[in-house]
2 protein chains.
Amino acid sequence: MLSSLNNPPAHEIVYRQIRDKILFGDLTPGQAVTIQGLVAECGVSMTPVREAIRRLTAEGALEFQGNRRVCVPRMTEARFAELTFARDMIEPKLAEMAAKKASAQDIDTLRAIDDALNAAIDLGDVKGYMRENHRFHFTLYGLAGSNILLPITETLWLRFGPLYRIISGKYGTESLIDRHDEAIHALRAGNATLCADAIRADIAQGFAIVRENFGWA
Amino acid sequence: MLSSLNNPPAHEIVYRQIRDKILFGDLTPGQAVTIQGLVAECGVSMTPVREAIRRLTAEGALEFQGNRRVCVPRMTEARFAELTFARDMIEPKLAEMAAKKASAQDIDTLRAIDDALNAAIDLGDVKGYMRENHRFHFTLYGLAGSNILLPITETLWLRFGPLYRIISGKYGTESLIDRHDEAIHALRAGNATLCADAIRADIAQGFAIVRENFGWA
DNA sequence: CCGCCCGCAATTTGATCATATTATGACGCT
DNA sequence: AGCGTCATAATATGATCAAATTGCGGGCGG
């Protein structure tokens, strides 16, 4: 009973490990992901690794490389256009749903995360920024109580991860500005539409940076 | 045997088998899906079955039932609202993208599928209707050449599958009307926006039937 | 005579299976 | 009714089989 809560299964651990690596840019696009490599790295057997890889490919975080091998997918302009379309449709909706349910305590939590985020920016800690930014968005979206849109959004972020890696190498953290304050103020005011707009603007800034960087006008 | 050389891997076969069952209503919401049951049914070992189940849960077609059991997810009004939102955002977009790339031959193929669909309706063949309807939408969407929105749409349809089963038991095929003709005419005319509108109207009809049936006004 | 290309073998990697281990849920006993 | 034991189903491992890529060597052409 308690042990099931404290001991997540091996495939879950492996899944989270690879997922975080992709999400925060530790793996580069096109990089091959092999079963045996993960077996050696994680110290578990093949079956849990296979399951983790299967799950990640189903989520679009990994991609079949034709002959039963998988790799981190490469981004193209067409794919990027689809990603931004989907995120622009879904995430403001989640923010709106979340705003209608957010308690004062929830908002305080978001405030704390945003403080940690700004601290990471001041320190030039790119990885920390990415982690806190992810945490901010998904604790907000999590308030929506969604079972459909939230998992979809997770897959969309998974495809973005490898991109940020490339960008963060070129830009620093000093150029990173966000609309989180606007979102929090909208939450405090109980204005769901305004919160959705803030999130829309926030992610649009991220899109713009990527587009600029890759010359995708 | 030797025939296994050219065949797709076992986990893929098992995946498709369960997927089709869910998609076309052979499994009812809440129904438990056990590994050993599939082992017995498919005549393969546990590993491929585990992978197929893992993939389907990642796609939302199956759901963890608390303690390491999985079942076909039950539909709620809140989930349904999210599903319709997502489908209403994405599928017209796919139709629009497809319309810009559709060749005359592509349109003929869709025409043929729609003819088969209408034939199934005339015969009162609910299963055949569902199959051809799925084929119509996804051959159309497939023309868009999408790598992001198309897989997402597949997961959305997977969550709809169990619902249609319930409905088709109450209604017959005679009440089934669609906007496929409008979509095909729009494709022939090269009018992408009109095609998107036809698809939007088509799926909205499906939503309305479900809502009516479950009393989700 | 040197360099390139094609084909074969060896190694690496993936896929499947049979089995042991562990947790869960149910039944029976006190 | 509460607790312990048993049966069942899931998790994880290691071994085995099949496939693909890599690297090497011989043949061909310049």
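Here is the naming used below: chain letters follow the sequence lines, and residue numbers restart at 1 for every chain.
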Inset, instruction - Using atom CD of B:Q65 as one end and atom P of D:dA9 as the other, report the distance to the nearest whole Å. - result: 15 Å

Inset, instruction - For residues 137-150 of chain B, pull every pair meeting salt bridge (Lys or Arg N to Asp or Glu O under 4.0 Å), keeping only residues two or more places apart or in separate chains. - result: none

With 3.5 Å as the limit, what N/O pairs link the protein to nucleotides 10-16 of chain C?
| unit_1 | atom_1 | unit_2 | atom_2 | d |
| --- | --- | --- | --- | --- |
| C:dG14 | OP1 | A:I35 | N | 3.3 |
| C:dG14 | OP2 | A:I35 | N | 3.1 |
| C:dG14 | OP2 | A:Q36 | N | 3.4 |
| C:dG14 | O3' | A:R68 | O | 3.4 |
| C:dG14 | N7 | A:Q36 | NE2 | 3.3 |
| C:dA15 | OP2 | A:R50 | NH1 | 2.8 |
| C:dA15 | OP2 | A:R50 | NH2 | 3.2 |
| C:dT16 | OP1 | B:A10 | N | 2.3 |

Inset, instruction - Using a cut-off of 6.0 Å, state whether more than 12 heavy atoms not belonging to A:R211 lie near its atom CZ. - result: yes

Legend entry - Heavy-atom check, side chain of B:H180 versus side chain of B:H137, under 4.5 Å: yes

Inset, instruction - Mind checking salt bridge (Lys or Arg N to Asp or Glu O under 4.0 Å) for A:D88 and listing every partner two or more places apart, or none if nothing turns up? - result: none

Inset, instruction - Please check if any side-chain donor atom of B:T109 sits under 3.5 Å from a side-chain acceptor atom of B:D106, or the reverse. - result: no

